[in-house]
Each structure stands twice: as C-alpha cells, then as structure tokens.
Number of protein chains: 2
Amino acid sequence: MTVLFSRKCEYALQGILYLAENQEQGNISAEQIASDLSISKDFISKTLQSLVKDGIVISHRGKTGGFSLARDSESISLLEIVLIIDGNGVFESCVLGLPTCGSESPCPVHSKWGPLREASRNMLATTTVSQFNPVESGLVI
Amino acid sequence: MTVLFSRKCEYALQGILYLAENQEQGNISAEQIASDLSISKDFISKTLQSLVKDGIVISHRGKTGGFSLARDSESISLLEIVLIIDGNGVFESCVLGLPTCGSESPCPVHSKWGPLREASRNMLATTTVSQFNPVESGLVI
DNA sequence: ACAAAAACGGACTAATAAGTCCGATTATGA
DNA sequence: TCATAATCGGACTTATTAGTCCGTTTTTGT
C-alpha cells in the first residue's frame, strides 16, 4: 500500500523533483532518472509523458534528448502533479469510504478529517518543485 | 483510489461502526450489515471474520447468529481496526514513496508530512467506536 | 428429527494498478 | 549518410486488490 498517492503519482513527484534538482544538466534521459531513483525506465518514461501533455515537462527526442521542466520550477507545485496523475479524489472522498458522507450527513470522522485534508492539500499547494533545489534555494555554499 | 485505507479496511470500519450503533440488536447478520451499508455480503462477512480472529468482534453461527462487538465499544479505537487490516505502513512510509527517506535523509516534504501523519494517527487513536453511538453518547433524547 | 439460517473456509473470478516490450519516429553527431 | 540514442505509442503481461461462489459446519426453532 502507498500512503496517499498511487505509485505512478509517487514516481511523477520523484521524477519532477529530480528534474528540478538537476536542471543545470539540461535534457535528462528517462534512463538516468530511472537509474538514480531505482525505478523502471519504461514506467517513469510513460509517467513523464503525461506530464508533458499537461505542459509541466518538456521532452526532446533524438540522441541528446530527454526531459526537462517546461516552466519555472518555482511555479510548479506538488499539488499540480498530484491532481494531474491522481485527480482530486483524495481531497474530496470520505476517508471511511462512505458514499453518503458530507456536511449534511457526516461520518464519524468527517469533522476531524476535514482540517487534516485541508492541511495536506495546503502543504502540497505551497510546496514548489524549486523549494528543495540546493542551488536555487541557496542552501549550498 | 481510496483515500488512506484499503477498501477492505474501509468496510471493516464501516462494519464495526454499524455494530456499535446497533448493539442493542444483539447478533447482527452479515446480510443485514451488507444491505444497510450497500456493500457485498460475502466481502463484509470475510472482513468481519478477520476482526473475529483478533478479538474485536464475536461471531455466532446458526439460525439467530451474526456478529457483535467482543469488547466494550469505548475501548475499541478506529486505529486498532486500521492496524489489523492495513498494518502500520501508512504511518511509517514516505509519502512520496522514497525508500531512503527518513530523519537522516529526509525527502522534500518529510518534515511537513510528519505532523500531519501524527495528527491522523492521533485522530484514529482517540476516536472510539462508541463515540458516535447515539444511545451511548447521549446525543439522542 | 428436521428444515432454515447463519458463519466459515477455500477456491475461484473480475477489476484495477503496475510494469514490460517492441516497433516507429525523431534528432544528433561523427 | 548513417549508426546511435532518445521519446512515443500501443499492446501486452504480471501483480495485487476486490469481490464472488459454493459446499460445510453450526445452531435454533418448530
């Protein structure tokens, strides 16, 4: 079991963080990403391709091809990635899986889960891909 | 996708809350639970059987058989159910799925997710099955 | 005694997610 | 020009989860 996101979404997040951290390299091949993250090349490749479609990532074919960020890393939030890959079900559905749960007929944990869900969403919305790029964030001397 | 728990776990939680809410009925058949919760009879039956093995639920065969709580509803926390069905991976694993993530080498959201995870766990640990039984909680006149 | 109705157990099937493979296309550099 | 190395697309396979089926056992009420 994963925690909050699908495996595909986890890989997407890992992948885009990797791209951000290694921006100076220019195009980065799926091969390299997969090797460094110890995941499947074909799978991360497919996953990044869906981010290409949504304009988060740019891809280049050919010998020196690979992937790179389509936008400024500071403008890409983790939430954006999650919504693209997994949708917003995590932030809408009842945590107990009750289809009828809502503000009219809340489940036992409805009011308690609400703030946590909002905090999770907020964490993802306010965390950008650039935030942990050592170079950009100035954390490295 | 489910939010935090497997479908099986969601059903277990729904089922045990149902048992608590309808304690006065004594034995409650899988048939009735399934019908009221709009889920599969066979599946909820199987799920409750694993709670029987862990001493949360008691089962009785035969014509008037069914399921009932094995312990005082105030002593059964939601967390207990979650740990039995899904284990504690949700509270241990990296939310980005990074195997190396930990306090030594934290992932980008490690420090932010920690408190949320603890709050989630705490919510489940402090919410008992009795809490929302209308009769026991005195919410019903 | 016996029919009915329940959980139990185990094997089975279905659905979904995860991951793989391969041929086609595109671009580069020698 | 041509070999090489990359993404792309689609079909495919595998793994996991979800859900079903059915015969057996147990218990109760008539």
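Here is the naming used below: chain letters follow the sequence lines, and residue numbers restart at 1 for every chain.
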Nearest-Å distance, [atom1] ([X]) to [atom2] ([N])?
X: A/I44; N: D/dC8; atom1: CD1; atom2: C1'; answer: 15 Å
X: B/L19; N: C/dA7; atom1: CG; atom2: C1'; answer: 14 Å
X: B/Q25; N: C/dA6; atom1: CD; atom2: P; answer: 13 Å
X: A/L51; N: D/dC8; atom1: CG; atom2: P; answer: 11 Å
X: A/E31; N: D/dT4; atom1: CD; atom2: C1'; answer: 14 Å
X: B/Q32; N: C/dA5; atom1: CD; atom2: P; answer: 15 Å
X: B/N27; N: C/dA5; atom1: CG; atom2: C1'; answer: 12 Å
X: B/F43; N: C/dT13; atom1: CZ; atom2: P; answer: 18 Å

Got a list of side-chain donor-acceptor pairs under 3.5 Å for residues 119-126 of chain B, not counting sequence neighbours?
| from | atom 1 | to | atom 2 | distance (Å) |
| --- | --- | --- | --- | --- |
| B/S120 | OG | B/L116 | O | 2.9 |
| B/T126 | OG1 | B/N122 | O | 2.9 |
| B/T126 | OG1 | B/M123 | O | 3.4 |

Touch class at under 4.0 angstrom, heavy-atom based, for B/G65 against every strand present: sugar-phosphate
B/Y11 side-chain N/O to D/dA18 phosphate OP1/OP2 under 4.0 Å: no
A/T64 vs C/dT28: side-chain N/O to OP1/OP2 distance below 4.0 Å: no
B/S6 side-chain N/O to B/D86 backbone N/O, donor-acceptor pair under 3.5 Å: no
N/O donor-acceptor pair under 3.5 Å between A/S93 side chain and A/V90 backbone: no
Side chain to side chain, B/Q32 and B/Y18, heavy atoms closer than 4.5 Å: yes
Student check: side-chain heavy atoms of B/P108 and A/L17 closer than 4.5 Å: yes
Comparing A/G62 and B/G62 on DNA chain C - which has the more 5′ nearest nucleotide: B/G62
5′-ward residue of the pair A/M1/A/K41 relative to DNA chain D: A/K41
Check: protein-nucleotides 8-11 of chain C nitrogen or oxygen pairs below 3.5 Å:
| from | atom 1 | to | atom 2 | distance (Å) |
| --- | --- | --- | --- | --- |
| C/dC8 | OP1 | B/S59 | OG | 2.3 |
| C/dC8 | O4' | B/R61 | NH2 | 3.1 |
| C/dG10 | N7 | B/K46 | NZ | 3.4 |
| C/dG10 | O6 | B/K46 | NZ | 2.4 |

Atom of A/S130, atom of A/E74 and distance for their closest heavy-atom approach: OG-CG, 3.1 Å
Would you mind writing out the side-chain donor-acceptor pairs for residues 42-62 of chain A within the sub-3.5 Å range, not counting sequence neighbours?
| from | atom 1 | to | atom 2 | distance (Å) |
| --- | --- | --- | --- | --- |
| A/S45 | OG | A/Q49 | NE2 | 3.3 |
| A/T47 | OG1 | A/F43 | O | 2.8 |
| A/S50 | OG | A/T47 | O | 2.7 |

Closest to side chain of B/S29, choosing from D/dT7, C/dT20, C/dA7: C/dA7
